[in-house]
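The figures here come from the full heavy-atom set of this structure, side chains too, leaving out hydrogens, waters and symmetry mates. Here is the naming used below: chain letters follow the sequence lines, and residue numbers restart at 1 for every chain.
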Amino acid sequence: MPELPEVESLRSLLDRSVAGRTIVGGRIGKKPLRRRVTRDFIADVKGRRIERVARRAKYLLIELSGGLVIVAHLGMSGSITHRDAVAGSFGLDPKHDHAEFALDNGTRLVFNDPRRFGILRLMDRASLSTLKELSALGPEPLGSDFTADYLADKARGRKVAIKNLLMDQRIVAGVGNIYASEILLRAGVRPTRRSARVTRAEIERIAKAVPQVLGEAIEGRGTTFRNYLDSRGEPGRFATKLLVYGREGESCVKCGTPIRRVIVGQRASFYCPKCQR
DNA sequence: CAGATAACCTGCGTGC
DNA sequence: TGCACGCAGGTTATCT
């Protein structure tokens, strides 16, 4: 479920709550995650300290002492919750807990993912850059190398719909289905437009909207559209700020025109036919 | 090569 | 209540 803002919110919560703690034990579930088989690496992380929690695109990087790092991707339905010894399961079905790390203060980190599209693996920090999934990623959307010039260059000659271009992690890393619709509303561009046909002025508006929308979502601690919860079991606050996503038939907040829903690249997309051309 | 499509999973809401 | 169906915030494999 999570896109960049949800992962970044998780990162910052975890960095404050578990950095400095030592992993004293845990367990890895029997069912493998679908995208990457998770071997039982509890013995390898036991006794190591969590130095910091970082992020690259939608990947969470839990850096451990001794040069190891736990790479986690939440897929469509994953979450990582930080629970104390007496806390419940945060409403998550324990049968989808795939990993649990016990910390030296009696709390634990739990990776839960019903659909098992996520990734959880342990690697050497030094070999992180060789990880295929990470090395293919485009620039961070909140970084200085994601610019209108860059986006214009990537859009040039491309027939793919602009919304698909924004969701292509090799172009820019972190935009997912919800925020792509929100970004294009703010930029005033229909999601179906072929990338090569998007004008320079529109590209500039999109390049500006990307960090704006993602930044505001991070401030709101992400979006809870259905049931996503952060590491404390709390929903994100950005859901109330979604202006088009999930609002088919509702009036556009800017002009009152009914919001439309179309499928672009197999994904539901929402737009205002008047505000977006 | 770019682009389109199917596939990987489980759960939930809807309508009959 | 049960059941079929459509839908879900991601990514990859496999076609044309």
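Of the candidates dT12(C), dG11(B), dG9(C), dG11(B) carries the atom nearest the K95(A) side chain, counting heavy atoms from C-beta on. In this structure, the nucleotide among dG3(B), dG11(B), dA8(C) sitting nearest to the side chain of V160(A) is dG3(B). Comparing atom distances between the R158(A) side chain and each of dA2(B), dA4(B), dG10(C) picks out dA2(B) as nearest. When the nucleotides dT11(C), dG11(B), dT12(C) are ranked by their closest atom to the side chain of Q169(A), dT11(C) comes out on top. For N177(A), whose side chain is taken as the heavy atoms from C-beta onward, the closest listed nucleotide among dT10(B), dG9(C), dC7(C) is dG9(C).
By the 5.5 Å and 30° criteria, F117(A) is not stacked with the base of dT11(C).
If you measure from atom CD of E3(A) to atom C1' of dA8(C), you get 12 Å, rounded to the nearest angstrom. Rounded to an integer number of Å, the gap from D93(A) CG to dG11(B) P is 7 Å. Look at CE on M167(A): it is 13 Å from P on dT12(C), rounded to the nearest Å.
Cation-pi geometry between R83(A) and F90(A) is satisfied (NZ or CZ under 6.0 Å from the ring centre, within 45° of the ring normal).
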### Message
Before you tell me yes or no, could you show the steps for Y59(A) and R11(A) under side chain to side chain contact (heavy atoms under 4.5 Å, CB included), namely the whole-Å CA-CA distance, both residues' side-chain angles and the distance that decides it to 0.1 Å?
### Response
CA-CA 10 Å; Y59(A) 293 83; R11(A) 184 207 67 74; over 6 Å; no

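Contact annotation: H73(A) side-chain N/O to dT11(C) OP1/OP2 distance is under 4.0 Å. Phosphate proximity of dT10(B) to K31(A): present, with a side-chain N or O under 4.0 Å from OP1 or OP2.
Checking V262(A), T192(A), V264(A), V189(A) one by one against Y271(A), the side-chain contact (heavy atoms from CB on, under 4.5 Å) holds for a single residue, V262(A).
With hydrogens and angles ignored, no donor-acceptor pair closer than 3.5 Å exists between the side chain of Q266(A) and the base of dA4(B). The base of dC9(B) sits within donor-acceptor range of the side chain of R115(A), with an N or O pair under 3.5 Å.
Consecutive Watson-Crick or G-U pairs involving DNA chain B, each under 3.5 Å on both distances, make up stems of three or more pairs at B:2-8 with C:10-16, B:10-16 with C:2-8.
In the hydrophobic cluster analysis, where Ile, Leu, Val, Met, Phe, Trp and Tyr join through side-chain heavy atoms closer than 4.5 angstrom, V24(A) is grouped apart from F101(A).
Heavy atoms of R261(A) sit under 4.0 angstrom from primed sugar atoms or phosphate atoms, though from no base atom.
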